[in-house]
**Student:** 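Below are the C-alpha cells for one structure; questions will follow.
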Protein chains: 2
Amino acid sequence: MADVARLAGVSSQTVSRVSTGHPGVVESTRRQVLAAMRELGYRPNSAARALKRGTFHTIGVILFTLSTTGNSRTVEAIAAQAAQEGYAITLFPVAAPTQDGVLGAFTRLGELAVDGIIVIMEVHLLDAVNLTLPPGVQVVVVDSDAGDRYPVVDTDQADGARQAVRHLLDLGHATVWHVTGPAESFSSERRAMAWRTVLEEAGRVVPPVERGDWSAESGYRAGLRLAAEPSCTAIFAANDQMALGVLRALHERGRRVPAEVSVVGFDDLPDATAYLPPLTTVHQDFAEVGRRCVHGLLEQIRDERAEPGTVLVPTTLVVRESTAPPPAPPAHPDSRR
Amino acid sequence: MADVARLAGVSSQTVSRVSTGHPGVVESTRRQVLAAMRELGYRPNSAARALKRGTFHTIGVILFTLSTTGNSRTVEAIAAQAAQEGYAITLFPVAAPTQDGVLGAFTRLGELAVDGIIVIMEVHLLDAVNLTLPPGVQVVVVDSDAGDRYPVVDTDQADGARQAVRHLLDLGHATVWHVTGPAESFSSERRAMAWRTVLEEAGRVVPPVERGDWSAESGYRAGLRLAAEPSCTAIFAANDQMALGVLRALHERGRRVPAEVSVVGFDDLPDATAYLPPLTTVHQDFAEVGRRCVHGLLEQIRDERAEPGTVLVPTTLVVRESTAPPPAPPAHPDSRR
DNA sequence: GGACCCGATGTTTACGTAAACATCCCGTGG
DNA sequence: CCACGGGATGTTTACGTAAACATCGGGTCC
C-alpha cells in the first residue's frame with residue numbers, strides 16, 4: 001500500500017480510502033491512485049483488513065456430508081447468496097457424526113476467521129454438545145428443532161408430508177404406508193409424524209412403518225416387504241431415492257405402478273421425472289432455504305442480536321405419473337382383472 | 001493474549017510460544033499458561049496470525065455448481081482432506097459460466113485469504129481468461145486438459161469409456177451407440193473420443209452421436225430417438241443420469257433391457273443399483289480425486305513450485321444387470337420371439 | 001474583509017501475533 | 001571461584017490496514 005501511495009504521490013491513508021470506496025476523495029486523485037494500484041498489481045490484504053476491522057466477511061458452514069442432494073443444493077445456494085453479499089464461505093466438514101466430531105468442528109471454528117456459522121445437521125447431536133460459541137459469532141441452524149434456542153431455517157417438512165398423504169387419500173386409497181428415514185433424523189421424524197397425524201385425523205388405519213436409511217437400496221428392501229402386503233395400495237416414501245428403490249421392488253414383484261400401487265416421494269430430485277414411472281413427489285426449495293439462512297445470519301451479524309424461532313420455506317406437491325386411484329375395492333377382489 | 005500473559009504471570013511471547021506449540025517452554029510454565037487460556041476463554045486470532053505469517057492455511061475452491069454428483073463428492077473429499085491437514089476450505093461459486101464470471105471469481109480470490117486454489121470447471125473458459133494469479137498462490141485444476149500449464153487431477157475418463165465400450169463389444173454387440181454430454185465439457189469430450197477410438201480400432205461402424213446435457217431428461221429424449229433405431233442394441237451413456245433417461249425411453253417404447261438393448265452409464269451413482277434394471281456403469285473415485293487435489297496443492301504450497309502434468313485416478317467398470325449379449329442376429333429377425 | 005466552516009488530504013496509532021534479538025540464571029569445567 | 005554456554009523467558013518490532021485526529025486551503029457569510 002505504501003508503494004502505491006508513493007507512486008500516486010499521496011498518503012497511504014488516501015489509498016485506503018480509495019480501496020474501501022470511502023467518500024471524500026476528489027476524482028482526479030482517485031484516478032491517480034487507481035492507476036498506481038493497477039500498475040503495481042496491488043491487492044488489499046484481507047488478513048490485515050480483518051485484523052483491523054475485527055470482522056472477516058466470512059461465514060462458516062458446518063455439515064456432516066455434501067453427498068445428499070439437499071445439503072449440496074443448500075450449500076450451493078448459501079455460497080451464491082453469500083458471494084452476492086460480499087461474504088465468503090468456509091466449509092467445515094464434521095468427520096464423524098459423533099459428539100466429539102461436532103465439538104471438534106466448533107472448536108476449530110472458534111479459532112477460525114468467521115463472523116457467523118450456519119449449521120446443517122441433525123440437532124440431537126447439537127443437544128448433546130455443550131456449545132461454546134466464540135463471542136460475537138452468530139448461528140443459524142438448518143433442519144432442526146432447536147428453534148427455541150437458535151434461529152432455524154427449514155423446509156416445511158410437515159406440510160409437504162401432509163400434502164403427499166392427503167393426495168393419496170383424496171385419490172381414494174384406504175390408507176397410506178410409509179417408508180421412513182433413519183430414526184436420528186429430524187426431517188425423517190417430522191415427515192413421519194405428519195403422515196401419522198393425517199391418517200389419524202382421517203380415521204384411517206395407521207400401518208406399521210418401514211424404516212430405511214435414505215438410500216435407494218434401503219427403499220428397495222422396504223419395497224420388497226410392502227410388495228408382499230396385498231392391502232398396500234399407496235406408499236409415501238420419505239425421500240425420492242427410497243421411492244426409487246420402492247419402484248424397483250414393486251416392478252420386480254409384478255405390482256404395477258400406479259395401476260395397483262401408488263408411490264409418492266419427497267425432495268423432487270431432478271431425476272424424478274425419469275423414474276419408471278415419473279414420480280409424484282414433494283418439491284423442496286433448497287435454494288430458498290440457503291438464501292434465507294444467509295439473509296438471517298447477516299441480519300444477526302449486523303444487528304448483533306439473535307432471535308430464536310423457525311422460518312419455514314413452503315413445499316409443493318408435484319403430481320406426476322406414479323399416483324392414481326386404487327384398484328377395485330377388496331370387496332370384489334380381482335374383479336378388474 | 002496480553003490478558004492471558006498477565007494472569008499467568010508471563011510475557012505475551014511465552015503465551016505465543018505455548019499456543020503455537022513451540023519448544024523451549026518449561027512444563028510448569030506451560031501448564032500455567034494453558035490454565036490461564038482456559039480461564040479467559042482465549043482463542044488465537046487467525047487474522048493476526050495470517051497477517052504475521054503471511055499464510056492463511058486456507059484453500060479456495062472455484063466451481064460453477066455443486067449440483068452435480070461429481071462436484072459435490074469431490075468437494076466433500078477436498079474439504080475432509082484439507083481439514084485433516086489443518087487447512088480450511090473457502091468456496092468460490094462462479095455465478096455464470098462466462099468469461100466475466102470466472103474472471104470475477106479469480107479477482108475476488110486474489111483479494112481473498114487463500115494459499116492455494118483448486119479449480120473445478122470446464123477449462124475452455126480458463127483458456128479464454130487471462131489468469132493473473134496473485135503471486136505465491138498455487139493452483140490445481142480438476143477435469144481439464146490444462147495439464148501443460150497447471151497440475152491437473154482427474155478421473156481417467158478415457159480408460160473408463162474404453163472399458164465400457166469394450167465390455168459391450170465383448171458381449172457380442174456389433175457396435176455401440178453413444179449419448180454424449182454437452183459439447184463444452186471436457187469430460188464429455190474425452191468419453192466420446194475414447195468411445196469412437198475403440199470402435200474404430202475394432203473396425204466397427206461408428207453411429208452418429210446423440211447429444212444430451214447430462215440431465216435425465218435429455219437422456220430420455222436421446223433414448224426415444226435410439227429406441228426407434230432397430231439396429232441399436234447397445235448404448236453407452238456418458239453419465240448415469242442420462243442412462244436413467246435412456247432406460248425410461250426404452251421401457252416406454254417396449255424395448256427390453258438387457259434382453260434387446262444393453263445400456264452402460266458412467267459415474268456409478270449410489271442410486272444406480274436401484275434403476276430398472278440395476279445399471280452397469282463406470283465407477284469414479286471422486287474421493288480419491290479430492291484427496292489428490294489437496295495433496296498436490298499442499299505439496300506445491302510447501303515447495304513453492306508447480307509442475308504441470310496430469311494425475312489420473314483409475315476407473316473401474318461395475319457390471320450389473322443392464323447389459324447382456326445382443327438378441328439373435330438380424331439375419332433371422334424375430335427368430336427368438 | 002475577516003472569521004469561520006467544511007471538504008480534501010496527511011499523520012499517528014492500534015489491531016493480535018510471532019520472529020528476532022536481548023536478558024537472565026543456572027550448571028559446568030578449567 | 002570465575003568465565004562461559006545454553007536453556008528459559010522477556011522486550012522490541014513489524015506485518016498491512018483503517019479509524020481517529022490533525023492540517024491545510026478555499027469559499028461563504030455577515
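Protein chains get the first letters and strands the later ones, always in sequence-line order, with residue 1 at the start of each. As the structure is a prediction and not an experimental result, all values here were calculated from the model.
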**Student:** Could you work out which one of D:dG10, D:dA19, C:dT9 sits closest to the side chain of A:His22?
**Tutor:**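 From the listed options, D:dA19 comes nearest.
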**Student:** Given the rule in the side-chain contact (heavy atoms from CB on, under 4.5 Å) test, do B:Val33 and B:Val10 qualify, once you have shown the distances and angles that lead to the verdict?
**Tutor:** CA-CA 8 Å; B:Val33 171; B:Val10 298; 3.9 Å; yes
**Student:** Could you run down nucleotides 13-18 of chain D 5' to 3' and tag each one B, S or - for protein heavy-atom contact under 4.0 Å?
**Tutor:** -BBBBB
**Student:** So do B:Val61 and B:Thr90 actually touch side chain to side chain, heavy atoms under 4.5 Å?
**Tutor:**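 Of all side-chain heavy-atom pairs linking B:Val61 with B:Thr90, none is under 4.5 Å.
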**Student:** With a 4.5 Å limit on heavy-atom distance, are the side chains of A:Glu76 and B:Thr65 in contact?
**Tutor:**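 SC-SC contact between A:Glu76 and B:Thr65 confirmed.
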**Student:** Just by distance, with hydrogens left out, do A:Ser19 and A:Arg49 show a side-chain donor and acceptor under 3.5 Å apart?
**Tutor:**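 A:Ser19 vs A:Arg49: donor-acceptor pair found between side chains.
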**Student:** Does A:Arg6 have any side chain to side chain donor-acceptor pair (under 3.5 Å) partners at least two apart in sequence or in another chain, and if so, which?
**Tutor:**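 If we apply the side chain to side chain donor-acceptor pair (under 3.5 Å) test to A:Arg6, skipping adjacent residues, the hits are A:Asp3.
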